[in-house]
Amino acid sequence: MSEITCPLGINTTVIHAGEAPDPISGASAPNIVMSTTFVTDANAGFSVEGLEEDAAWIYTRWGNPTIHQLEEKLAAVEHGESAVAFASGMAAITALLLHTLHSGDHAIVSDVAYAALSEMTNELIPGLSISITKVNTSNLNAIENAILPNTQLIYIETPCNPLLRLTDIHAVAKIAHDVGAKLAVDSTFATPMATRPLELGADFVVHSLTKYLGGHGDALGGVIIGSREELATLRKTTAIRLGGVISPFNAWLIMRGIATFPLRMKAHAENALVIAHFLENHPKITRVIYPGLPSHPQHELAQCQMHNFSGMLTFQVKDGREAAKAFAQHLQIIHYAVSLGHHRSLIFYLPSDDLLRTSFKLSTPEQLDSWRLFAGDGIFRFSVGLEDVEDIIHDLEQALEKL
Ligand SMILES: *Cc1c(COP(=O)(O)O)cnc(C)c1O
């Protein structure tokens, strides 16, 4: 076979980027290289300090052929120069924060974002003498007002977990770059089928591969995608040395998942829109939030920033805690479980009072108003799966009857 030379469409990219038939056996599907160490020559260095990008394989925490294939595929999918894979989304986020922020620096972080990131930036990161300001990043004035002379990073998530509130990536990139700061975007909910943050000006994109990219609920993983130069440094300092690298087996599973990712996202979004309409018309449902619905408070931004509205929606009922019990007990197909982005439908209830006490320390009336606008007293976060949409609706209908 000869090498691919022209730019490829997304379906071809997810199948072929980063891979090639095995040169020895001719195997068409990628091998899994589980070896932790590699036989090398007498010139190989023992410190990661002098590690070159094209160095021979030495030790799997430094680099591994299977993990490398995944990284090449992910960089191609996000139209980025380079990618570094991690054992989980949180391992990627930790490495990113410790790469971009040092003692004395300041960062602006979405006041509502993935809970572990929110909790880490409430306690652990400020403990390292890095100051954090939490703002509603959908409000551009709030970001501008939070800028300090030592602001090095703006960190956003769009749509954010769990509210599905959006942030204008292009506008925030401009605010960041005007003051010499970097912009990082957690794009796990959007996925590259909806949004390519690097093309909108972001410096780093983060994904939890555990979600849509892996897509099957059987492998944790994370990734940072960005410029070759930044990621070469990040790989040495906060990936290889801190050690949160992905297992080659998980890398292989996730690569296999990515091959069908564009097809799955189309189906997730189709199912989610049908279900969003069904829920909006159901008498027991008081509110539905889905970026693809005209009723989403930022539907206009969704239409320009998202080319696929993804499979995540939230809805509210009168007594969420009671409804959660009924769903956990009576649902037959939909799993009452955390996580998202799997082929299986997953639902979970998030009560506002709990989350505002544990994860999200919202301090201003504007922040609390925005929370209430999107979440009321609590939301069901629904990751719409790939089952037949009639079956998902029937399952919701029969569980709602028990309320
Ligand atoms: C799940 C998730 C994470 C964390 O990923 P893990 O793989 O569970 O560590 C980060 N950000 C978002 C938006 C997520 O949904």
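What you see is a predicted model; the values in this text were computed from it and never measured. Position 1 is the first residue of the sequence, and the numbers go up from there. First listed ligand is number 1; within each ligand, the first listed atom is number 1. The basis for the numbers below is simple: all heavy atoms, side chains too, and nothing from hydrogens, waters or symmetry mates.
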Inset, instruction - Please work out whether the ring planes of His282 and Phe278 are parallel, tilted or perpendicular, with thresholds of 30° and 60°. - result: perpendicular

Inset, instruction - Report all protein residues having a heavy-atom distance below 4.0 Å to some atom of ligand 1; order the list by chain, then number. - result: Ser88, Gly89, Met90, Ile93, Tyr114, Glu157, Asn161, Asp186, Thr188, Phe189, Ser208, Thr210, Lys211, Gly221, Leu340

Inset, instruction - May I ask you to check whether Phe348 and Tyr336 place their ring centres under 6.0 Å from each other? - result: yes

Inset, instruction - Verify the distance criterion only: is there a donor paired with an acceptor across the side chains of His342 and Ser339 at less than 3.5 Å? - result: yes

Legend entry - Ring geometry between Tyr349 and Phe380 (parallel below 30°, tilted from 30 to 60°, perpendicular above 60°): tilted

Legend entry - CG/Asn139: more than 12 non-hydrogen atoms of other groups inside 6.0 Å: yes

Inset, instruction - Please name the residue in the list Gln367, Glu366, Lys361 that meets the side chain to side chain donor-acceptor pair (under 3.5 Å) test with Ser363. - result: Gln367

